[in-house]
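Questions regarding the structure given below will be posed in turn.
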Amino acid sequence: ATAGDDAKAASATKWLATNAIRGALVRQEAVSMVPVVMLRVAFGHACLDVCASPGSETTQMLECLAVGDGRTAASSVTAAVGGGGDGFVVANDLDPRRARVLAKRCRDAAPASCARLLVCSHHAQWMPPPSAAAPTDSNNAEQQRGADDGDRELDGAGAFNPRGAYDRIICDVPCSGDGTVRKDAFARRKWRPSFGATLHPVQRRIALRSAALLRVGGELSYSTCSLNPIEDEAVVVAILRAARGALELVDSGARAPALPRRPGLETWRVFDYDIPGRRARRHARHHASAATAERNSGGGDGGDGAIADG
């Protein structure tokens, strides 16, 4: 690269940063655009972004709704809740502060489409349906409130939500983020093999609740920023088993044929807390550090000392 190239890159970076702050543009990685492309969000769809912040997929869905020509069949749920049949997006985030940032970002990026947007702050694994599909009797309402087990939530979906609620759902769940280490050095330093096993139950419940809110014929995209099959393939397998035939995998290859892809894993190893050998190496480093510290301090009581399992 030449000095001129560096100057152009610096100028472009400054231009992007300035206009992003002004709200004139929204920067989005190509990988975060994939779920909306695969779901083929279109005019008339009732959409849910269940873990929406910072909102790149939400703004992308709003744009897809805005460019419709009006000839797509309107969602019955959209019409029932007063959406006029042109579709809407519900964007949820558990953290109210992140939800406010999400709302501001959508307002700045797509002000004309915000009439189709509702931003809320709720536990994704207990996300309620829109008012049009709310439970109508006390038994079903109690089932909905107490369904913290994902299997029961999906099995009971037909009882209190017979029509489904959404045509398209993006389920981009909280994850370990180990797929972002190329740009996030902190993610690499903090990573532990146990993260996937710890997050799997929450990811599974969120995915199951999202599936329970999907109408018949609707489509759901499950995604993470992780390469760990415990957070990816294992969750997909879990919700397919729990659905007992109500869900099926869709081959989306034809929807973006130029997108590089690989088949999902069918087998994988599970590490509850650590990778075999890694703990031994860590202990050896601790032993070496302790021995060095003892020599530098000029002695000690001759004991082995405590070894921290960091």
Side-chain angles (χ1 to χ4, degrees), residues 31-32 34-35 47-58 90-99 101-102 119-129 143-157 160-161 165-166 168-181 184 186-188 190-214 219-244 246-247 249 264-265 268-275:
V31 66
S32 68
V34 172
C47 305
L48 170 64
D49 194 348
V50 72
C51 301
S53 183
S56 55
E57 289 96 342
T58 300
V90 174
N92 176 67
D93 194 90
L94 176 60
D95 188 335
R97 292 172 298 180
R98 288 167 60 91
V101 172
L102 166 64
V119 177
C120 60
S121 182
H122 202 282
H123 286 275
Q125 59 266 45
W126 302 311
M127 190 71 187
Q143 180 187 27
Q144 181 185 358
R145 287 194 297 268
D148 55 351
D149 181 322
D151 290 339
R152 282 196 297 124
E153 187 69 25
L154 187 58
D155 292 343
F160 64 79
N161 191 13
Y166 296 99
R168 299 290 188 269
I169 297 179
I170 290 182
C171 189
D172 189 12
V173 298
C175 65
S176 63
D178 59 31
T180 65
V181 295
D184 187 354
F186 179 69
R188 182 175 65 252
K190 74 175 183 178
W191 179 83
R192 294 292 183 274
S194 59
F195 285 176
T198 302
L199 290 165
H200 174 89
V202 176
Q203 294 166 336
R204 176 175 168 275
R205 286 196 294 268
I206 293 175
L208 284 167
R209 180 56 190 154
S210 299
L213 293 172
L214 194 65
E219 295 183 357
L220 179 150
S221 169
Y222 174 84
S223 58
T224 73
C225 296
S226 172
L227 301 176
N228 191 339
I230 303 302
E231 302 180 65
D232 299 328
E233 285 91 341
V235 175
V236 173
V237 169
I239 63 175
L240 289 174
R241 286 178 175 174
R244 301 174 186 176
L247 294 175
L249 283 177
L265 298 179
W268 51 84
R269 298 179 67 183
V270 178
F271 300 104
D272 291 338
Y273 296 102
D274 219 332
I275 295 176

(request) Apply side-chain hydrogen bond (donor to acceptor under 3.5 Å, both in side chains) to T224 and list each qualifying residue two or more places apart in sequence or on a separate chain. (result)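 Expected list: D232.
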(message) When you compare the side chain of V236 with that of L249, does any pair of heavy atoms fall below 4.5 Å?
(response)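 Yes - at least one pair of side-chain heavy atoms lies under 4.5 Å apart.
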(request) Identify the two heavy atoms, one from R209 and one from P129, that lie closest to each other, and give their separation to 0.1 Å. (result)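 What the structure gives for the nearest pair is NH2-CD, 3.6 Å.
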(message) Is there a side-chain contact (heavy atoms from CB on, under 4.5 Å) between V90 and M127? Walk through the geometry before answering.
(response) CA-CA 11 Å; V90 174; M127 190 71 187; 4.0 Å; yes
(request) Take I169 and L213, measure what side-chain contact (heavy atoms from CB on, under 4.5 Å) needs, and give me the verdict at the end. (result) CA-CA 9 Å; I169 297 179; L213 293 172; 4.1 Å; yes
(message) So Q125 and L208, do their side chains get closer than 4.5 Å, heavy atoms only?
(response)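 The answer is no, as the side chains (C-beta and beyond) never meet within the 4.5 Å cut-off.
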(request) Please lay out, stage by stage, how I230 and V270 fare under the test side-chain contact (heavy atoms from CB on, under 4.5 Å). (result) CA-CA 7 Å; I230 303 302; V270 178; 3.6 Å; yes
(message) My understanding is that only residues two or more places apart in sequence, or in another chain, count here; which of them pass salt bridge (Lys or Arg N to Asp or Glu O under 4.0 Å) with D184?
(response)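 Expected list: none.
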(request) Working to the nearest 0.5 Å, report the span between CG of N228 and CD of Q203. (result)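 Between N228 CG and Q203 CD, I get 8.5 Å after rounding to 0.5 Å.
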(request) Kindly compute the distance separating CG (L220) from CD1 (I239), expressed to the nearest 0.5 Å. (result)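 Answer rounded to 0.5 Å: 6.5 Å.
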(message) Measuring only between side-chain heavy atoms, which start at C-beta, is V181 closer than 4.5 Å to W191?
(response)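 No, their side chains stay 4.5 Å or more apart.
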(message) Quick one, L199 and S176 - any side-chain contact, counting heavy atoms below 4.5 Å?
(response)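 Yes, at least one pair of side-chain atoms sits under 4.5 Å.
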(request) Provide the closest heavy-atom pair for C175 versus E231 in the form atom of the first, atom of the second, distance. (result)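 In this case the closest contact between C175 and E231 is CB-OE1, 3.1 Å.
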(request) Please round to the nearest 0.5 Å and tell me the distance separating atom SG of C225 and atom CG of D172. (result)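 Going from SG on C225 over to CG on D172, the span is 5.5 Å.
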(message) Does any part of the side chain of W126, heavy atoms only, come nearer than 4.5 Å to the side chain of R205, both counted from C-beta?
(response)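 They are not in contact (no side-chain heavy atoms under 4.5 Å apart), so the answer is no.
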(request) State, to 0.1 Å, how close L102 and S53 come at their nearest heavy-atom pair, and which atoms those are. (result)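 Shortest heavy-atom separation between L102 and S53 comes out as CD2-N, 4.4 Å.
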(request) Heavy atoms only: give me the nearest S210-C171 pair and the separation to one decimal. (result)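 Taking every non-hydrogen atom into account, OG-SG, 3.7 Å.
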(request) Please lay out, stage by stage, how F195 and D178 fare under the test side-chain contact (heavy atoms from CB on, under 4.5 Å). (result) CA-CA 10 Å; F195 285 176; D178 59 31; over 6 Å; no
(request) Return the minimal non-hydrogen interatomic distance between G177 and S226, and the atom names on each side. (result)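 Answer, listing the atom of G177 first, then S226: N-CB, 4.4 Å.
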(message) Counting only heavy atoms not in H122 (residues, nucleotides, ligands), do more than 12 fall under 6.0 Å from its NE2?
(response)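 Count over threshold, so yes.
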(request) To the nearest 0.5 Å, tell me how far S221 OG sits from I170 CD1. (result)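 Answer for the OG-CD1 pair, S221 versus I170, is 6.0 Å.
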(message) Do V173 and V202 make a side-chain contact, defined as non-hydrogen atoms from C-beta onward lying under 4.5 Å apart?
(response)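 V173 vs V202: side chains apart.
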(message) Rounded at 0.5 Å granularity, tell me how far CD in E219 sits from SG in C47.
(response)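 Spacing of CD (E219) from SG (C47) equals 11.0 Å.
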(request) Measure across P174 and I206 and return the closest heavy-atom pair with its distance rounded to 0.1 Å. (result)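 Minimum heavy-atom contact is CD-CD1, 3.9 Å.
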(message) When you compare the side chain of N92 with that of D49, does any pair of heavy atoms fall below 4.5 Å?
(response)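 A side-chain contact is absent here, since even the closest heavy-atom pair is not under 4.5 Å.
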